[in-house]
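For ligands, and for the atoms within them, numbers begin at 1 and follow the listed sequence. FYI, the numbering just counts along the sequence from 1. Since the structure is predicted, the reported quantities are computational estimates derived from the model, not experimental observations.
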Amino acid sequence: MAEPLSPEQYSATLIDHFERPRNAGAMPDADAEAFVTNPVCGDSLRIFLRFAEGRVAAASFLSSGCPASIATSSAATEMVTGRTLEEAEAFTRDDYATAVDGLPASKVHCSVLAASAVRQAVAAWRAKQAARA
Ligand code: FES
């Protein structure tokens, strides 16, 4: 059974991102993607990025995770869009947790997925660019 969402545990912002995830779904024309798994719980996240003129033009995600990981992934796709590669990879798990108005102590690790996935997707894009040069 799905984990119940408690307003006492989760912020209204987190619940909103969980119930109406932004940029959810695969991106067939992505320039780079990354798949990460949380070794502790087994939850996973695949993030897709498209780039234009040195910036993230679009971001989307597929998640098999808890509400906190879905919400922080949703927030991450909004936050990285329009950012330079350097800005996108500089976001930390704390930035994504702050974007959903914080995480309960037991869920702090859940924002790691978004931070790791964004960094790996940017790294994959850089590697692709370097291979073309
Ligand atoms: Fe696994 Fe949240 S419990 S990412």
**Q** Got a salt bridge between Glu86 and Arg126, using NZ or NE/NH1/NH2 to carboxylate O under 4.0 Å?
**A**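 Yes, this pair counts.
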**Q** Arg55: which residues meet the side-chain hydrogen bond (donor to acceptor under 3.5 Å, both in side chains) condition with it, sequence neighbours left out?
**A** none
**Q** Regarding Lys128 and Asp31, does a basic nitrogen lie under 4.0 Å from an acidic carboxylate oxygen?
**A** no
**Q** Hey, does the side chain of Ser74 reach the backbone of Ile70 with a donor-acceptor pair shorter than 3.5 angstrom?
**A**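 A pair under 3.5 Å: no.
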**Q** For a distance under 2.8 Å, give residue and atom name for each protein N, O or S atom next to atom 2 (Fe) of ligand 1.
**A** Cys66 SG, Cys110 SG
**Q** Does either side chain, that of Asp95 or that of Thr98, offer a donor lying less than 3.5 Å from an acceptor on the other one?
**A** no
**Q** Any chance the side chains of Asp101 and Ser11 put a donor and an acceptor closer than 3.5 Å?
**A**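 Short answer, no.
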